[in-house]
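In this text, all values refer to a predicted model and were calculated from it rather than measured experimentally.
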Amino acid sequence: MAFRPLGDRVLVRRVDEEAKTAGGIIIPDTAKEKPQEGEVIAAGPGARDDSGKVQPLDVQVGDRILFGKWSGTEVKLNGEDLLIMKESDILGVLAA
């Protein structure tokens, strides 16, 4: 199923965090927090300003982003857990 976000919304896939700390301690799934890093897999055209003109988004498909802990709405598409969030919920884009 194809999905296209509307307005200034983006579809994000969470990036799995490492299950082991730098010191070698393995973190069990029950103790892990959900990652706050993800990859944009679809983006809407942008929000409309007061004059009705579409302002393009600052993020693009493929960008790795950071977002707030409680940002977005969880959805399940094609058996995969994804997030839909507004561009304003995104804290920043990670440089490659």
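Heavy atoms only, all atoms of each residue included: Pro5 and Pro45 are closest at O-CD, 4.0 Å. Contact detail for Pro56 and Val54: the closest heavy-atom pair is CD-O, 3.6 Å.
For Arg48, there are no salt bridge (Lys or Arg N to Asp or Glu O under 4.0 Å) partners two or more places apart in sequence or in a different chain. Applying the side-chain contact (heavy atoms from CB on, under 4.5 Å) test to Val93 and every residue at least two apart in sequence or in another chain returns Val59, Asp63, Ile65. When the side-chain hydrogen bond (donor to acceptor under 3.5 Å, both in side chains) test is applied to Asp49, the partners found at least two apart in sequence or on another chain are Ser51, Gln55. Residues passing the side-chain hydrogen bond (donor to acceptor under 3.5 Å, both in side chains) test with Arg13, sequence neighbours excluded: Glu80. Asp58 pairs by the salt bridge (Lys or Arg N to Asp or Glu O under 4.0 Å) definition with nothing, not counting sequence neighbours.
Sequence neighbours left out, not one pair with a member in residues 86-95 passes side-chain hydrogen bond (donor to acceptor under 3.5 Å, both in side chains).
For the atom pair CG of Leu83 and CD of Glu74, the computed distance is 5.5 Å after rounding to the nearest 0.5 Å. The CG atom of Asp8 lies 6.5 Å from the CG atom of Leu57; values are rounded to the nearest 0.5 Å. Summarising the geometry, atom CD belonging to Glu39 is positioned 14.0 Å from atom CZ belonging to Arg14; distances are rounded to the nearest 0.5 Å.
The one candidate from Leu82, Val75, Ile84, Ile41 that meets the side chain to side chain contact (heavy atoms under 4.5 Å, CB included) condition with Phe3 is Ile84.
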